[in-house]
Amino acid sequence: DVSRAERVIATVLAHQDRDEASPTWGVWPYQPEEPLAAMRPPDLNWACFLGTAMLDIRVAGGARLSGATRAALDDAVGRAARAAQRRAVGPAYTNIAIMSAGLCLLAGHDLGDEALREHGRERLLAVAARVEALGGFDEYNSPTYTTVTIVELSRLRCRLEDAAASPAVEFLHQRAWAELADHFHASTVMWAG
């Protein structure tokens with residue numbers, strides 16, 4: 001039901017902070033009943049989480065979505081990616097660094113913003129260099145963070161068209177899966193965190 005989907009998308013997009021002077025610009029609240037101003041503290045990572053979800057909706061919806069909905073998604077994704085760019089988390093914050101780099105890379109590609117794409121590329125290469133130098137992730141053996149990392153790297157493996165960043169994606173993807181495999185306890189079918 002495309003019309004219902006578009007109403008849901010419009011409702012979600014309406015809650016994104018659009019004030020560029022705001023410290024939460026590009027971010028959404030967790031729920032409409034608790035606006036960003038009431039959150040203590042607001043979760044700045046939410047720009048990346050919802051921004052990547054909006055990218056997926058934009059791609060999956062394709063031509064079935066109206067031009068107005070596609071344009072609204074583009075605006076929201078652009079704000080979320082620029083919020084991630086402005087925040088520029090360090091490479092030690094593994095899952096969010098990878099998610100924000102991926103958001104910037106894909107949004108930059110999809111929206112034709114080369115500066116955003118270059119920022120994402122630089123951030124991703126910085127994470128890969130840090131992981132290579134340390135021999136592993138800062139957020140080591142975390143079932144929560146490594147799962148987010150694997151999902152984001154899988155998204156990039158499927159969608160990224162960037163010759164300079166793709167080898168870093170492959171390297172990080174293999175490292176994340178190796179970390180999971182090294183700590184998976186087959187007898188209990190559990191990830192031993």
Side-chain angles (χ1 to χ4, degrees), residues 9 12-29 36 42-63 65 67-133 137-139 148-173 176:
I9 292 166
V12 172
L13 296 185
H15 292 285
Q16 185 184 36
D17 185 346
R18 297 173 185 206
D19 178 3
E20 235 177 300
S22 168
T24 57
W25 175 65
V27 178
W28 286 265
L36 286 167
D43 186 351
L44 300 180
N45 296 336
W46 215 230
C48 294
F49 279 95
L50 266 65
T52 57
M54 295 302 133
L55 265 175
D56 287 348
I57 290 168
R58 186 182 173 280
V59 170
L65 298 173
T69 296
R70 287 194 311 270
L73 281 166
D74 286 351
D75 289 344
V77 166
R79 273 189 295 279
R82 288 182 194 91
Q85 179 183 26
R86 180 165 83 176
R87 187 167 175 223
V89 300
Y93 196 175
T94 307
N95 66 331
I96 300 303
I98 290 171
M99 184 182 284
S100 65
L103 174 61
C104 290
L105 271 162
L106 294 176
H109 175 268
D110 291 356
L111 303 176
D113 185 331
E114 189 52 39
L116 194 56
R117 190 173 179 179
E118 178 62 29
H119 173 80
R121 185 182 304 118
E122 288 172 6
R123 305 307 297 176
L124 188 69
L125 294 174
V127 173
R130 182 167 178 90
V131 169
E132 187 169 25
F137 294 106
D138 283 89
E139 295 170 337
V148 170
T149 298
I150 289 171
V151 167
E152 293 311 312
L153 291 167
S154 297
R155 175 184 285 110
L156 288 171
R157 287 182 81 221
C158 290
R159 290 211 45 231
L160 186 63
E161 297 174 19
D162 191 295
S166 291
V169 170
E170 285 302 316
F171 166 73
L172 292 167
H173 190 257

Can you name the nearest heavy-atom pair linking L105 to A165, along with the distance? CD1-CB, 4.2 Å
Minimum heavy-atom separation for A101 and L124, please, with both atom names. CB-N, 3.7 Å
Hey, does M54 have a side-chain heavy atom less than 4.5 Å from the side chain of V12? yes
Taking all heavy atoms of R58 and all of L73, pick out the closest pair and write down the distance. CA-CD1, 4.0 Å
When rounded to the nearest 0.5 Å, the distance separating SG of C158 from CG of L106 is 10.5 Å
Hey, could you give me the CG/CD distance between D75 and Q16, rounded to the nearest 0.5 Å? 9.0 Å
Measure from the side-chain N and O atoms of R70 to the backbone N and O of L65, and report whether any donor-acceptor pair falls under 3.5 Å. yes
Are R117 and E161 ion-paired here, with the side-chain N under 4.0 Å from a carboxylate O? no
If you round to the nearest 0.5 Å, how far is CZ of R155 from CE of M99? 7.0 Å
Please give me the minimum heavy-atom distance between V27 and A47, naming the atom from each residue. CG2-CB, 3.9 Å
Less than 4.5 Å apart, side chain to side chain, heavy atoms only: is that true for D43 and W28? no
Which atom pair, heavy atoms only, marks the closest approach of A84 to C104? CB-SG, 4.3 Å
Is there a side-chain contact between E152 and L103 in this structure, where contact means two heavy atoms from C-beta onward sitting under 4.5 Å apart? no
Find the distance between CD1 (I150) and CG (N95) and round it off to the nearest 0.5 Å. 11.5 Å
Between Q85 (side chain only) and H119 (backbone N and O only), is there a donor and an acceptor less than 3.5 Å apart? no
4.5 Å side-chain heavy-atom contact, L172 and T149: no
Identify the two heavy atoms, one from A97 and one from P91, that lie closest to each other, and give their separation to 0.1 Å. CB-CA, 4.1 Å
Student check: side-chain heavy atoms of D110 and R159 closer than 4.5 Å: yes
Determine whether H173 and L156 make a side-chain contact, defined as any pair of heavy atoms from C-beta on separated by less than 4.5 Å. no
Worked check of side chain to side chain contact (heavy atoms under 4.5 Å, CB included) between D138 and R130: CA-CA 9 Å; D138 283 89; R130 182 167 178 90; 2.6 Å; yes
Any donor-acceptor pair under 3.5 Å from R123 side chain to V89 backbone: yes
In the structure I gave you, are the side-chain heavy atoms of I96 and F49 within less than 4.5 Å of one another anywhere? yes
Is there a side chain to side chain contact (heavy atoms under 4.5 Å, CB included) between N45 and Y93 once you walk through the steps? CA-CA 11 Å; N45 296 336; Y93 196 175; 2.7 Å; yes
Would you give the length of the straight line joining atom CG of L36 to atom CG of D19, rounded to the nearest 0.5 angstrom? 11.0 Å
